[in-house]
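When a ligand or atom number is given, it counts from 1 through the structure's own listing order.
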Amino acid sequence: MAARGVGLLSRLSMCTQRSQVLRPIHRRLSCPGTVAADARGEQPSSGSSETGSEDRTPKKRFSEVQKERREQAQRTILILCPNKISEKKFLKYLSQHGPINNHFFFESFGLYAVVEFCQKESVASLQNLTRTPSMGTEAAIPFRSRFFNLKLKNSSNETSEQSCIPCCNQSPPSSKKLFELLCDAESIDDQLNTLLKEFQLTEENTKLRYLTCSLIEDIAAAYFPDCAVRPFGSSVNSFGKLGCDLDMFLDLDEIGKFNAHKTSGNFLMEFQVKNVPSERIATQKILSVIGECLDNFGPGCVGVQKILNARCPLVRFSHQASGFQCDLTTNNRIALKSSELLYIYGALDSRVRALVFSIRCWARAHSLTSSIPGAWITNFSLTMMVIFFLQRRSPPILPTLDYLKTLADAEDKCIIEGHNCTFICDLNRIKPSKNTETLELLLKEFFEYFGNFAFNKNSINIRQGREQNKPEPSPLHIQNPFETSLNISKNVSQSQLQKFVDLARESAWILHQEDKDHPSPSSNQPWGLAALLLPSIAKSVSHDKKKRKKPASERIKNLLESIKSSPENSTNTNGKRTVSTQA
Ligand code: GTP
Ligand code: MG
């Protein structure tokens with residue numbers, strides 16, 4: 001999981017000064033990043049800033065991006081290199097197999113190179129000249145993969161010509177660096193965009209994710225030659241942070257699929273197959289055998305765990321070279337469709353990703369989310385909450401899922417396991433929002449909105465974009481957008497929800513206080529988003545709670561009442577909700 005290190009902010013000295021405290025006048029429309037650039041149909045340069053919702057560049061469909069990236073990954077190889085290497089000679093050596101489109105190096109327990117050839121044939125040519133290593137006391141299991149080990153025949157020659165190899169960073173910024181960047185920002189809007197730029201997946205990290213899936217696909221193809229291993233979740237939905245896990249889906253649907261009408265004559269041929277009592281058992285058997293295969297023969301796959309009794313059976317492992325924690329599932333097509341939906345929401349307006357990233361970082365900094373499964377809110381649920389909140393603005397920043405369904409045409413129709421997952425796939429046909437609220441306002445309003453949401457009786461529903469009565473008594477109810485009878489946050493306990501509510505109220509209050517008495521640039525105080533990421537808020541909330549043993553603090557309640565009644569807020573209420581303490 002990403003955002004590691006944000007929690008260390010409290011240990012940092014508060015010496016970074018706020019260079020300027022400027023209130024944002026214009027809405028910033030910076031939308032940097034790889035997946036956002038994918039959506040805009042361009043080759044991104046990491047960290048560039050371009051316009052978002054006002055951008056008229058045709059945007060690519062999710063399926064187009066997936067197809068292109070997959071094809072690109074199939075022409076790409078991963079090489080463990082000696083530390084002392086001449087980049088020029090290295091590229092010359094590989095070029096004998098064909099032209100190279102691009103390459104980059106990164107460090108992860110060694111120096112690795114990712115090299116993308118222009119043609120797939122180059123990979124086969126290289127494989128033909130590659131040998132299986134002869135081991136000393138151990139024995140090697142021969143496996144012809146696209147993950148290589150480069151050795152120097154004579155290291156002394158190479159050392160004299162080596163140059164410093166530039167390595168791409170695959171990790172999020174340190175908490176110190178983030179803190180400095182946030183404190184140096186010009187406005188809260190600037191802070192949110194800075195955080196997005198620093199945490200979002202880079203072009204190289206995205207390539208490495210698709211390459212890792214492609215390498216796993218090669219292994220799975222030993223059993224299922226026509227399978228595909230597709231990334232889903234935050235690696236592709238535009239909400240992934242550097243360091244997030246890699247969710248993969250073993251897609252067996254294309255195997256043996258063809259149009260029966262195209263075969264001539266009165267005969268129809270079917271494969272002889274083994275039958276098992278249920279789809280779930282089939283999934284478990286397939287994942288079990290792939291798990292064994294990864295464990296025994298998968299180069300760089302370590303710590304393989306088969307978690308087959310989970311609601312969604314999976315194989316979890318670490319891909320050592322890329323450093324990714326991988327979750328491999330199968331028969332999980334709805335999750336892929338959810339990723340597409342989030343990708344669309346992320347691409348519709350540049351404020352969406354900036355807000356989601358900040359809320360995710362805020363939640364992680366206060367241990368509201370965790371990489372370990374438990375009774376806490378997940379990043380997926382948080383993203384749904386932000387989407388829902390943006391649907392509730394006036395005018396709405398995001399359309400409802402039902403509206404996206406009305407825009408769908410025949411080719412968008414999608415029914416998975418009886419669930420209607422239809423929505424428009426062409427982003428370019430969705431009108432941008434007329435809402436011009438700043439990120440600063442949205443951040444504040446998000447905390448106020450959920451600090452006062454009637455979680456005890458209402459459910460969050462992005463399909464209809466309005467609150468609904470909870471159909472079951474779980475503390476937090478967020479309707480699964482496609483399997484509408486399911487609650488995606490069923491795991492969340494009352495105490496975790498209360499912690500979320502307390503922190504949201506406290507954060508709303510902090511932002512409101514800053515509005516009133518702007519911290520002076522020389523006050524050495526973290527401000528805006530930086531102040532919200534400090535774990536000290538969490539401590540004060542839990543400390544107060546211990547003392548009072550009451551779910552909601554009178555102090556916060558009074559403060560929120562004062563926010564509600566302040567004249568400043570009454571003139572600033574674009575869809576603003578009144579403050580109460582009903583949660
Ligand atoms: P990260 O925390 O950055 O990994 O976010 P993520 O969106 O990738 O979440 P996660 O790895 O937990 O799950 C991967 C994907 O599985 C999500 O994006 C969803 O599409 C799907 N998913 C996760 N949790 C649920 C759930 O409770 N219900 C359903 N229906 N799908 C889920
Ligand atoms: Mg994930």
Looking at Asn480, which atoms of ligand 1 are within less than 4.0 Å of one of its heavy atoms? 29 (C), 30 (N)

Can you find an N or O of Ser339 that's nearer than 3.5 Å to an N or O of ligand 1? no

Does ligand 1 have any atom sitting under 4.0 Å from a heavy atom of Arg360? yes

Under-4.0 Å salt bridge between Lys457 and Glu467: no

Strictly below 4.0 Å, N to O, side chains only: are Glu180 and Lys176 in salt-bridge contact? yes

Step through it carefully: locate the ring centre of Phe357, locate the ring centre of Phe199, and say whether they are under 6.0 Å apart. no

Under 2.8 Å from the Mg ion (ligand 2), which protein N, O or S atoms do you find? Ignore water molecules. Asp245 OD1, Asp247 OD2

Hey, does the Lys NZ or Arg CZ of Lys337 hover above the aromatic six-ring of Phe423, less than 6.0 Å from the centre and inside 45° of the axis? yes

Nearest 0.5 Å, please: how far is CG in Leu497 from CZ in Phe455? 5.5 Å

Ligand 1-proximal atoms of Ser234, by part, heavy-atom distance under 4.0 Å: both

Subset of ligand 1 atoms that lie under 4.0 Å from at least one heavy atom of Ala335: 20 (O)

Within reach of ligand 1, part of Phe482 (heavy-atom separation under 4.0 Å): neither

Short list, please: which atoms of ligand 1 are under 4.0 Å from a heavy atom of Cys244? 3 (O)

Under a plain distance cut-off of 3.5 Å, with no hydrogens placed, do Gln200 and Arg353 share a side-chain donor-acceptor pair? yes

Could you check whether Glu445 pairs with Arg351 (Lys NZ or Arg NE/NH1/NH2 to Asp/Glu carboxylate O, under 4.0 Å)? no

Using the ring centroid of each side chain, check whether Tyr449 and Phe446 are separated by less than 6.0 Å. no

Please could you name the atoms of ligand 1 that Ser338 approaches to less than 4.0 Å, counting only its heavy atoms? 20 (O)

At a non-hydrogen distance cut-off of under 4.0 Å, which region of Asp247 contacts ligand 1 (side chain, backbone, both, or neither)? side chain

Can you confirm whether the side chains of Asp245 and Gln325 place a donor and an acceptor under 3.5 Å from each other? no

Close side-chain approach of Pro475 to Val492, heavy-atom, < 4.5 Å: no

I need the atoms of ligand 1 closer than 4.0 Å to a non-hydrogen atom of Asn379, numbered in the order shown. 1 (P), 2 (O), 3 (O), 5 (O)

Does a salt bridge link Glu203 with Arg69, judged by any charged N lying under 4.0 Å from a carboxylate O? yes

Can you name the atoms of ligand 1, numbered from 1 with element, that are less than 4.0 Å from a heavy atom of Asp245? 4 (O), 11 (O)

Check contact between Thr378 and ligand 1, using heavy atoms of the residue and a distance below 4.0 angstrom. no

Tell me whether Glu417 is salt-bridged to Arg333, with the criterion being a basic N under 4.0 Å from an acidic carboxylate O. no

Minimal heavy-atom distance between Ala531 and Ile510, with the atoms involved, is CB-CG2, 4.3 Å

Which atoms from ligand 1 have a heavy atom of Phe232 less than 4.0 Å away? 14 (C), 15 (C), 16 (O)

Residue-ligand contact Gly240/ligand 1, heavy atom below 4.0 Å: no

